[in-house]
There are 2 protein chains.
Amino acid sequence: MSSHITIKDIAKAMGCAPSTVSRALNNSPNISPAVREAIQRYAMEHNYRPNEFALSLRNNRSNTIGVILPQIKHYFFASVLSGIERAASEAGYNIIVAQSNEEYDKEVAIVESFRKAKVCGVIASLAKGTYDYSHFRRLVDEEMPLVFYDRICTELNTSRVVVDDYTGAFAAVEHMIVTGCRRIAFFTSPLHLEISKNRRNGYVDALRKHRLEVCNEMIVECDTRVAARELTLGMLKLDKERPDGFFAVNADTAAGILYACKDSGLRVPEDVSICGFSDNETARSTEPRLSMVDQHGEAVGQGAMELLLAKIDGDEEKLVYKNKIVKTSLILRGSTRDK
Amino acid sequence: MSSHITIKDIAKAMGCAPSTVSRALNNSPNISPAVREAIQRYAMEHNYRPNEFALSLRNNRSNTIGVILPQIKHYFFASVLSGIERAASEAGYNIIVAQSNEEYDKEVAIVESFRKAKVCGVIASLAKGTYDYSHFRRLVDEEMPLVFYDRICTELNTSRVVVDDYTGAFAAVEHMIVTGCRRIAFFTSPLHLEISKNRRNGYVDALRKHRLEVCNEMIVECDTRVAARELTLGMLKLDKERPDGFFAVNADTAAGILYACKDSGLRVPEDVSICGFSDNETARSTEPRLSMVDQHGEAVGQGAMELLLAKIDGDEEKLVYKNKIVKTSLILRGSTRDK
DNA sequence: AAAGACAACGCAAACGTTTGCAATGTTAAA
DNA sequence: TTTAACATTGCAAACGTTTGCGTTGTCTTT
C-alpha cells in the first residue's frame, strides 16, 4: 500500500501509454490540454513521485552534491557546512557529507566514493596532510564541477572561495593601532600556509601604513593556547619593550594570551589589547570576551554552493573558474579599546 | 575515455553474456572458475565499478542513510554527526545530511526528501518546535529503519540513543558534595524537556543520598549566560544562605555563573564550585576552565549508527527496537575542588 | 475530393544491473 | 549405448524513466 505509484500505473489507469504520462507530467506541448490535466490531476491525487533512481540512471547523474570537510566538529567547518546545506536545500540538491579527519588516505577514499555515487559536484577543503592532488585532478579531468573553500588547491583550475585574510588582519591590527597600540605582537600558525601568509601581510601593511616599526621578534609561530600562554608571559617581562597589543591567528591562542596578561597583572584592554582571527564560542566565553575577526563560515559555504551551481548549470561557463573572496568583519568586544 | 566500463562492455570483450559477467563478478558458484577469474581480471584491469544507480533502481534502495540535525553548528550535534559519519563510512554507507534549524516545517520537508531519495535508514534528533510526529510515523509505517538520538520521540516505537543525563548529573553533583559543597544550586532548561527532568532527578538524588536538603529556591529555570549572570549575582547576595556550588545545564550558563562569582569577589573553586553539563569549547575557554559532564557526542552518533545498521541488516530483528544509553563522564577541571 | 500539414499519441529502445528459466554441453550411471 | 544428472552459460524480463520516431486521425488547403 505504501509502495509508490509509477508512471506505468498511471498509464494503465488512464488507458494510455507511459510515454504520454511522462510527457504530460513534464508539460510537453505535444499533449492535449485535456489529457494533460487529467493525468496531472490523477498523479497529484495519487501522490506520484518520480523515482529518483530511474532518473539518475537515465541521466547518469544524481541529484546530489558531495561535501568534504577536514573536521566536522570544528566550528568554522560546521558553519560552512551549515551554509552549504542551506543553499543546497534551496536549490533542490541533497548533500552527502564526509570528513577526511585531516588524513590524506581518507580524502582519497572519499573522492572515490563520490565518483561512484556520481555526485554532480564536489565542494572540498583540503586535509592538512594533502600534498598530492591527483585524486582531485581526476575529478577535474572528468569535468566534474569542483569548488574548493578555505584550504584551496592552487595547483588546480577550479573555482574557489576563500576568506579575505589579508583585509581581515589589516582591519584588526589597524583598529588596535588607532586605539593606541604601538607595539603589536603577531602569533601565527606556520607561515608556509596560505592563510598565515595573507594574515601576516595584513598585519605588516597595517603597521606600515601607520608608520610603525615591523619587528621580527614580534612575529612568532604559535597557534595553541598553552604555547601562547608561556610565550606571552615571556614577552611581557620585556618590561619597557613589552607588547601593548596582540593579534592571534585563532581564538584559542588569543585566549592563552588573555590569561597570561591577566596573570601578569595587566588589565585588558586598558593596558593590553588583544584581537584574534576566527570567531567562535571560545572567543565569546572569556572575560573580557575577545574581539575577533569573523570569517563568516556560512557565507563561505553559501558562496561555494553558488559557484558550484554556476558550473553545474552553466554550459559555456563550465570552463570558467571563478574565485570568491568572502569579506570578514571585525567584531569588537571587550579585549580591545574603543575609539 | 573517462566514461566508465559496464557489464555489457565486459561481456562483449569476453564474448559472453552480461548475465555471465554479473554472476562471475558476484562469485556465483554457477560459473566455471576459469571464466570467472578471466572476467574478474578483466574487470579489475579495466577498473570496472558497478553503476550505483542501476543497483539502486533494481533493489529499490540506495546505499545512503539520511541524517537530521537540529543545528549543525552546535558542538554537540557536530560531534554526533562526526560519529555517524565515521561509523557509516566504515559500514560502506553514504550519509546525506540536513538540518532542520529547529523548524518543524523544514523537518517535514527533510523527511519527505529522504523518502524520495529512498535512503535505507534515517537518524534524527527532533527540532524544538516539533510536537506532531506524523511525518516520522509515516516512515515507521513504511518500515523505514529509524533511530532517534538525544531529542527522541517517545510516542513512536523506534530505537533510540540517549545520553545518561541522570547519572551524569548525579555524578557531578555528588562530586561537588564530596568536595565540600553543602548548598548547590541547579540552573536548568525548561523542566518539560526530558533531559531537564532527568538531570534534575540526578541532582536531587545526589543531594538526598548525602542527606542534604533539597531546596526549591535552589532550582531555577535558566539556561543562558546573560540570565545566569544576573541570577547568580542575586543569589550570592543571600550572604549566609548563599550557594557554595552551582550545577548548570550547559556550558554557557556555567560560564555566566563563573563570571558572576568572580565579580562578587568569590574565588572559584575555593569559595564556590561550578560544574556544568555538555562539555564544549566554551567550557575549555574560561579561567579557571569549567568542570563538565561530557556527553560523548561521537559515541552517541556511533551508537545510533549501530542500532540503525542492526535494523537494516537484521531480518526478524527488524521489529525489535532497542535503546542505547551512552554513559557520560565527568571531566574535572579548575572550577571544582579535588578530593 | 484529394493531398498535405499538423496535432496527438503509442512503440520501443535505452540507461546498467540482476535473476528465473531455458538451453546447451559434459559426465556419470545403468 | 542410452539416459539421467549436472555444470555452465545465454535469453529475456524487470526496475522506472525519457525520447526519437512512427502511426494514427483531424483539419485545412487547393
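Below, chain A is the first sequence line, B the second, and so on; all start at residue 1.
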With a cut-off of less than 4.0 Å, is there a side-chain N or O of [X] near OP1 or OP2 of [N]?
{"X": "A/Lys8", "N": "D/dC15", "value": "yes"}
{"X": "A/Ser32", "N": "C/dA8", "value": "no"}
{"X": "A/Ser19", "N": "C/dG10", "value": "no"}

Is the shortest side-chain N to carboxylate O distance from A/Glu112 to B/Arg49 below 4.0 Å? yes
Test: A/Arg86 and A/Glu306 ion pair at under 4.0 Å: no
Strand contacts (DNA chain D) in residues 33-54 of chain A, 4.0 angstrom heavy-atom criterion: A/Tyr48, A/Arg49, A/Pro50, A/Asn51, A/Ala54
Which is true for [X] with a 4.0 Å heavy-atom rule: it touches a base, it touches only sugar-phosphate, or it touches nothing?
{"X": "B/Ser22", "value": "base"}
{"X": "A/Ile31", "value": "sugar-phosphate"}
{"X": "B/Asn26", "value": "sugar-phosphate"}
{"X": "A/Leu55", "value": "sugar-phosphate"}

B/Ile7 atom CD1 is separated from D/dC15 atom P, nearest whole Å, by 19 Å
A/His135 ring center within less than 6.0 Å of A/Phe114 ring center: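 Judged by ring-centre distance (under 6.0 Å), A/Phe114 and A/His135 do not meet the cut-off.
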Side chains of B/Leu308 and B/Ile84: does their closest heavy-atom pair fall under 4.5 Å? no
Greater than 12 external heavy atoms within 6.0 Å of B/His296's NE2: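 Check passes, neighbour count above 12.
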Just do the side chain to side chain donor-acceptor pair (under 3.5 Å) check on B/Ser28 and B/Asn26 with the steps written out, would you? CA-CA 6 Å; B/Ser28 160; B/Asn26 291 322; over 6 Å; no
